[in-house]
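Following: one structure in structure tokens, then a few remarks.
Atoms within a ligand are numbered from 1 in the order they appear, just like the ligands themselves. Side chains are part of it too, since the values below use all heavy atoms of this structure and drop only hydrogens, waters and symmetry mates.
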Amino acid sequence: MSHDCLFCKIARHEIPAEIVHEDDEFLAFHDINPAAPVHLLLIPKHHIASLADIAPADHGWLGRMLQLVPGLAADNGCHPMPEGGFRLVANSGTEGGQEIHHLHFHILGGSRPWSNRAAPAA
Ligand code: 5GP
Ligand code: ZN
């Protein structure tokens, strides 16, 4: 199914992005307005609006997507565990802070302080 959302267009290379990883299923690229020294976005190439739409049939690719995160963090400037590390954020729904309704993980890291824009403090 073809979608016209911004991240579908980035996944189809119709809109440029600073891509750090691409495979058959996923794309990772730098956030255009970083909230931390390292701020990547990881998306599935197919359109799914948010975690609220995950069904049992999605468990396989969602697990593969999660497993990509530590390597992407380490390869793109997050400091080594456990003193370093990263924050994984999936804003879900408008009140959850989601502005682009195509599932994405924010991967944030690097020396603090960070902005709390992507993951407001509770
Ligand atoms: P959300 O608020 O939906 O969780 O996060 C959307 C993120 O997408 C924001 O952090 C925003 O800076 C980023 N963003 C919005 N438009 C673009 C774009 O055209 N390119 C890139 N690389 N990031 C974008
Ligand atoms: Zn989309």
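- Counting heavy atoms from C-beta outward, Phe105 and Leu68 have side chains that stay 4.5 Å or more apart.
- For Phe7 and His104, the ring centers sit closer than 6.0 Å to each other.
- Contact atoms of ligand 1 toward Gln98: 3 (O) (distance under 4.0 Å to a heavy atom of the residue).
- Near Asn33, meaning under 4.0 Å from any of its heavy atoms, are these atoms of ligand 1: 12 (O).
- The heavy atom nearest to atom 21 (C) of ligand 1, out of those in Ile32, Leu6, Ile19, is found in Ile32.
- Side-chain atoms of His39 and His106 form a donor-acceptor pair, as typed in the model, at a separation below 3.5 Å.
- Atoms SG and CD, on Cys8 and Glu14 in that order, are 9.0 Å from each other to the nearest 0.5 Å.
- At a heavy-atom cutoff of 4.0 Å, ligand 1 is contacted by no atom of His101, backbone or side chain.
- Sorted by chain and number, the protein atoms of type N, O or S within less than 2.8 Å of the Zn ion (ligand 2) are Cys5 SG, Cys8 SG, His47 ND1, His102 ND1.
- Contact of the Leu27 side chain with the His21 side chain is not registered, since no non-hydrogen atoms from C-beta on lie closer than 4.5 Å.
- By the 4.5 Å heavy-atom criterion applied to side chains, Leu108 and Val38 are not counted as neighbours.
- The ligand atoms of ligand 1 that sit less than 4.0 angstrom from a heavy atom of Phe29 are 22 (N).
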- Worked verdict on Glu25 versus Arg64 for salt bridge (Lys or Arg N to Asp or Glu O under 4.0 Å): CA-CA 9 Å; Glu25 296 181 294; Arg64 291 190 290 279; 2.7 Å; yes
- Task: Before giving the answer on side chain to side chain contact (heavy atoms under 4.5 Å, CB included), spell out for Leu72 and Phe86 the whole-Å C-alpha distance, their side-chain angles and the decisive distance to 0.1 Å.
- Result: CA-CA 10 Å; Leu72 287 171; Phe86 55 86; over 6 Å; no
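- Proximity to His106 (heavy-atom distance under 4.0 Å) selects the following atoms of ligand 1: 1 (P), 4 (O), 5 (O), 7 (C), 10 (O).
- Annotation: side chain of His47 is in contact with side chain of Cys5 (closest heavy-atom distance under 4.5 Å).
- Residue contacts with ligand 1: Gly97 is included, with a non-hydrogen atom under 4.0 Å away.
- The side chain of Leu41, and not its backbone, has at least one atom closer than 4.0 Å to an atom of ligand 1 (non-hydrogen atoms only; side chain from C-beta on).
- Within the structure, ring pair (Phe, Tyr, Trp, His ring centres under 6.0 Å) contacts touching residues 50-72 (residues at least two apart or in different chains) are His46-Trp61.
- For the pair His30 and Val20, the minimum side-chain heavy-atom distance is below 4.5 Å.
- Residue His39 has no N or O atom closer than 3.5 Å to an N or O atom of ligand 1.
- When heavy-atom distances to ligand 1 are checked against a 4.0 Å cut-off, Phe7 comes that close only through its side chain, counted from C-beta outward.
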